[in-house]
Colleague: 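My questions will all concern the structure given below.
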Amino acid sequence: MRVAIVTESFPPDINGVAHCTLQTADHLHRRGHHPLVIAPAGPPGGPPPATAGGPPESQGELDRSHPYPVIRIPSLPLPGYPQVRVALPSRKLAAAITSHHSDVVHLASPFVLGARGMTAALRLRIPAVAVYQTDLGSYARTYLGAGENAAWRRIRAVHTAADRTLAPSTASARDLEEHGVPRIRLWPRGVDTERFHPSRRDPELRRSLAPGGELIVGYIGRLAPEKNVELLAPLSQLPGVQVVVVGDGPSEPALRAAMPRARFLGRRTGNDLARVFASLDVFAHTGPQETFCQTVQEAQASGVPVVAPAAGGPLDLVDHGRTGLLVPPGDTTEVTDAVSLLSADAKLRAALGHAGREAVEGRTWEAIGDQLIDHYTEVLAARTAVAA
């Protein structure tokens, strides 16, 4: 099967869309399929991709650093959040899909580049599967104070044109249904249960982070307004608690000022990130706008008890009182109380961590990737039946 994956983000970006797209393309390649990734290019001055020759219209900027082709479309930084790149209009997208002879177009969190990918799929009469991953309506409200309805009109238009929309959680599926998007199926996310594992707990790292033996409470993710990381500020003042923050983003300066006692470790990836996860005593996620929340799964795979808001994706991932604790969104007192409860009860921490690990052991990227291939197959079969 030849699959063109049009994504708003791809590594070296570090976010949920980029990570899921990478896992998807890698899985398709391992299964003997032929993925093509089309993504925004990085900033000027970054490491140049390994390129191959060919006409610009068919090749574009061709990144050969993966075992499948990755076409990079020129992009600009999002105003106010330069870590996010927005692709510019380009004929290279449709040309790349055409030259790839794609059987299906996969749209990863479509909004700008993905909307153009949907247009190309319609013109080329190729079936499209749209993956909903980002609550852009809430982002518009958070960053602009307006534009939520306009964002949802764009989301509805793109996803309605797709043959199938895949939602990562029951909460996001419900949001899509309420906004008039048809043909929705659930498709969750996988987790690398070998990389994220309790065995990576590192006593030396723990001593460096909390030399007095404090309870280590960690947040791992983007440092951006919608993540509400400032809710951890009261925790950072508690005796016997060490708050650790991993990640970067536009909110970092304000968070450092609000939590001078917290340890900020910057961006971590790979096995280094897994070591940090497993070395926490509690993982606290504070953002209420998650369509899934991959970091909750990674904490659970690491055997770490989770505190998360009772909203969005965490509602599917956390069984309150068994695999973690859910708290009302945006309530700093409830977050502090939940962590205090765990701080006072080592047996509860251990029980929640163990149950969380058990809950995710079957959610490998291999299993989730095979589910995605089944979705492609069903969409292709439906198109064939209509044509007949």
Side-chain angles (χ1 to χ4, degrees), residues 11-16 18-20 22-23 26 83 189-223 227 229 232 235-236 240-249 252 255-256 259 261-287 290 292-308 314 317-318 323-325 339 342-343 346 349-366:
D13 297 347
I14 298 178
N15 56 59
H19 180 67
C20 181
L22 176 65
Q23 293 290 343
D26 285 352
Q83 293 94 332
R189 300 292 173 268
V191 62
D192 187 339
T193 54
E194 294 184 5
R195 168 168 286 168
F196 296 98
H197 194 279
S199 64
R200 294 194 183 271
R201 192 172 179 87
D202 186 336
E204 183 177 344
L205 175 61
R206 287 178 53 78
R207 283 192 295 270
S208 70
L209 294 175
E214 296 90 348
L215 184 87
I216 302 176
V217 180
Y219 167 85
I220 297 174
R222 288 186 298 111
L223 307 184
K227 300 299 184 180
V229 185
L232 301 182
L235 274 177
S236 70
V241 172
Q242 177 61 60
V243 171
V244 172
V245 178
V246 178
D248 58 14
E252 183 173 349
L255 291 171
R256 284 182 176 271
M259 298 188 290
R261 290 184 59 245
R263 297 288 302 273
F264 286 79
L265 305 186
R267 179 183 292 194
R268 300 294 179 97
T269 59
N271 291 338
D272 188 30
L273 175 63
R275 187 170 63 106
V276 175
F277 259 116
S279 298
L280 301 176
D281 294 306
V282 178
F283 175 73
H285 187 80
T286 48
E290 302 295 333
F292 186 74
C293 201
Q294 181 68 4
T295 53
V296 164
Q297 278 204 140
E298 291 168 348
Q300 290 176 322
S302 304
V304 176
V306 170
V307 175
L317 299 175
V318 179
T323 64
L325 299 178
V339 173
L342 294 173
S343 175
R349 294 200 304 272
L352 294 178
H354 180 73
R357 171 70 192 184
E358 284 189 332
V360 301
E361 283 182 335
R363 299 180 198 160
T364 64
W365 277 110
E366 183 177 60

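No hydrogens, no waters, no symmetry mates; every other heavy atom, side chains included, goes into these values.
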Colleague: Would you check if Glu290 and Lys227 make a side-chain contact, meaning some heavy-atom pair closer than 4.5 Å?
Modeller: yes

Colleague: Find the distance between OG (Ser236) and CZ (Arg263) and round it off to the nearest 0.5 Å.
Modeller: 13.5 Å

Colleague: Within this structure, what is the CZ-OG1 distance for the pair Arg357 and Thr193, rounded to the nearest 0.5 Å?
Modeller: 5.0 Å

Colleague: With salt bridge (Lys or Arg N to Asp or Glu O under 4.0 Å) as the criterion, how do Arg201 and Asp281 come out once you've worked through the C-alpha distance, each side chain's angles and the decisive distance to 0.1 Å?
Modeller: CA-CA 10 Å; Arg201 192 172 179 87; Asp281 294 306; 2.9 Å; yes

Colleague: Just by distance, do the side chain of Gln242 and the backbone of Gly213 share a donor-acceptor pair under 3.5 Å?
Modeller: no

Colleague: Using every non-hydrogen atom in the two residues, find where Ser279 and Ile216 come nearest and quote the distance to one decimal.
Modeller: O-CD1, 4.0 Å

Colleague: Minimum heavy-atom separation for Ala355 and Thr323, please, with both atom names.
Modeller: O-CG2, 3.8 Å

Colleague: Are any of the side-chain heavy atoms of Gln300 and Glu358 separated by less than 4.5 Å?
Modeller: no

Colleague: Donor-acceptor pair, distance only, cut-off 3.5 Å: does the side chain of Arg267 make one with the backbone of Gly247?
Modeller: no

Colleague: Contact between Val217 and Val307 at the side-chain level, heavy atoms closer than 4.5 Å - yes or no?
Modeller: no

Colleague: Apply side chain to side chain contact (heavy atoms under 4.5 Å, CB included) to Arg261 and Val243, showing your working.
Modeller: CA-CA 8 Å; Arg261 290 184 59 245; Val243 171; over 6 Å; no

Colleague: Let me confirm one number: the CD1-CD distance from Ile220 to Gln294, rounded to the nearest 0.5 Å.
Modeller: 12.0 Å

Colleague: Going by heavy atoms in the side chains, are Arg195 and Asn271 under 4.5 Å from each other?
Modeller: yes

Colleague: Looking at every heavy atom in both Ser302 and Phe196, which two are closest together, and how far apart are they?
Modeller: OG-CB, 3.7 Å

Colleague: Taking all non-hydrogen atoms of both residues into account, name the closest pair between His285 and Thr295 and its distance.
Modeller: ND1-OG1, 3.8 Å

Colleague: Please find the pair of heavy atoms, one from Pro305 and one from Leu342, that lie closest to each other, and give the distance.
Modeller: CB-CD1, 4.4 Å

Colleague: Please determine whether side chain to side chain contact (heavy atoms under 4.5 Å, CB included) holds for the pair Val306 and Leu317, giving the CA-CA distance in whole Å, both sets of side-chain angles, and the decisive distance to 0.1 Å.
Modeller: CA-CA 10 Å; Val306 170; Leu317 299 175; over 6 Å; no

Colleague: Between Arg275 and Asp202, what is the shortest heavy-atom contact and its length?
Modeller: NH1-OD2, 2.8 Å

Colleague: Distance-only, no hydrogens or angles: does the Glu366 side chain make a donor-acceptor pair with backbone N or O of Thr364 under 3.5 Å?
Modeller: no

Colleague: Is the shortest heavy-atom distance from the side chain of His19 to the side chain of Trp365 under 4.5 Å?
Modeller: yes

Colleague: Parallel, tilted or perpendicular, judged at 30° and 60°: which one describes the rings of Tyr219 and Phe283?
Modeller: parallel

Colleague: Just checking, is any N or O donor in the side chain of Arg189 or Gln297 under 3.5 Å from an acceptor N or O on the other one?
Modeller: no

Colleague: Could you grab the distance from atom CG of Asp272 to atom CG of Leu265, nearest 0.5 Å is fine?
Modeller: 8.5 Å

